[in-house]
Novice: 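Mind looking over this structure? Questions follow.
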Amino acid sequence: MTGLHRPGLLQIGGFPPEVQSQIDAEFERLGAADIERDPARAGDIRAIVTRSNLEVPASLVERLPKLEIIATNGVGYDLIPLELAARRGIVVSNTPDVLNAAVAELCIGALLSLLRQLPQADRYVRDGRWLEANFPLSTSLAGKHVGIIGLGRIGKEIARRLELFGVALAYHGRSDQGLDWRFEADLAALARDVDILIVAAPGGRETARMIDARVLDALGPRGWLVNVARGSLVDEEALLAALEQKRIAGAALDVFDGEPDIDKRFLGLENVLLLPHIGSATQETRAAMAQLMLDNLRSWFRSGRALTPVTA
Ligand code: 8YV
């Protein structure tokens, strides 16, 4: 079946031309349509490349008897059937670390835009309203209490940057990491204690809907939520209600349920900053991610080892 000189590869999602040309030069790229047309070709697929915000269906993996590696372009692997991959001995690789700074920068930028109302201020000038009156006062980041949910590699990068803004930091996660920042095992207690909650934890079953009405009400009407992780961590119905009823002050969201087709109710709200999942979306970062994704594939087919395998 696999009389191919180059390993057969199934691609999910698109990549920039400079990445696509490398994939096509080194692999025999097949699409889902090729397998539909000729099911026998499923036996040619030894690798899947994907993007971390796209799903790799278990049903697809089950149709690929020779699949050896799933390489994702991103740090998240919550949309990959890890347990099935482990049962089948299929290695999963991601692109950790190379995007930490970009996501942390985006988080800080979103938080400052939210607190200092930067999009509204820009629109205020463009609409000529500055001629009539000064823009209303906003609120400072300095002096705020910030809670980070998920103090992993990205969470720590966010914390290190935030320290320079003169905030008090605390975090919630699976365990106390014994750091200078305060650990709070109870998420609702953390939400009660802080002015700002930042969501930086991985997506998946363990964290699904962990930001619910109880946490949002604990954060309260003077509290702000920033999500740069996954939409799945937030109960969006509860968030929409809290925003509509002003039971929280506002939110900055870079990720959503069902993205990019987000709930239209967000569009009418003035106390939410809406971003199109751009945490890692810089030229430098995406180039580094694609390089690491490709290097994982190359390493696997040359040595039988991935450079950055995901451990379930
Ligand atoms: C994008 C991300 O999904 O790395 C992740 O997990 O969510 C983002 O970086 C990624 O850029 C998709 O290729």
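Residue numbers run from 1 in the order of the sequence given. Note that ligands are numbered from 1 as they come in the structure, with each ligand's atoms numbered from 1 the same way. Reckoned from all heavy atoms, side chains included, excluding hydrogens, waters and symmetry mates.
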Novice: Test salt bridge (charged side-chain N to carboxylate O under 4.0 Å, His left out) on D24 and R29 and set out the steps.
Specialist: CA-CA 6 Å; D24 293 345; R29 177 158 59 99; 2.6 Å; yes
Novice: Does F301 reach the side chain of R46, with side-chain heavy atoms less than 4.5 Å apart?
Specialist: yes
Novice: If only side-chain N and O atoms count, and only distance matters, is there a donor-acceptor pair under 3.5 Å linking S52 with N73?
Specialist: no
Novice: Does ligand 1 come near enough to L99 that some N or O of the ligand is less than 3.5 Å from an N or O of the residue?
Specialist: no
Novice: Counting both backbone and side chain atoms, is some N or O of G74 under 3.5 Å from an N or O of ligand 1?
Specialist: no
Novice: Just to confirm my output: which protein heavy-atom neighbour is closest to atom 13 (O) of ligand 1, and how far is it?
Specialist: N73 O, 2.7 Å
Novice: List every atom of ligand 1 that sits less than 4.0 Å from any heavy atom of R230, numbering the atoms from 1 in the order shown and giving each element.
Specialist: 2 (C), 5 (C), 6 (O), 7 (O)
Novice: Between R209 and D257, does the salt bridge (charged side-chain N to carboxylate O under 4.0 Å, His left out) criterion hold? Intermediate values first, please.
Specialist: CA-CA 11 Å; R209 305 288 177 266; D257 272 346; 2.9 Å; yes
Novice: Using a 4.0 Å cutoff against the non-hydrogen atoms of S280, which atoms of ligand 1 qualify?
Specialist: 8 (C), 9 (O), 11 (O)
Novice: R51 heavy atoms, cut-off 4.0 Å: which ligand 1 atoms fall inside?
Specialist: 12 (C), 13 (O)
Novice: How far is atom 1 (C) of ligand 1 from its nearest protein heavy atom, and which residue and atom name does that atom have?
Specialist: H277 NE2, 3.8 Å
Novice: Which one of V75, T72, N94 has a non-hydrogen atom at the shortest distance from atom 5 (C) of ligand 1?
Specialist: V75
Novice: Compare N53, T95, I278, V255 and give the one whose heavy atom is closest to atom 3 (O) of ligand 1.
Specialist: N53
Novice: One pair to check against salt bridge (charged side-chain N to carboxylate O under 4.0 Å, His left out): R123 and E270. What are the steps and the verdict?
Specialist: CA-CA 12 Å; R123 193 165 60 226; E270 276 304 312; 3.0 Å; yes
Novice: If only side-chain N and O atoms count, and only distance matters, is there a donor-acceptor pair under 3.5 Å linking T50 with T72?
Specialist: no
Novice: Given the rule that I, L, V, M, F, W and Y join up when any side-chain heavy atoms are under 4.5 Å apart, are I196 and I154 in one cluster?
Specialist: yes
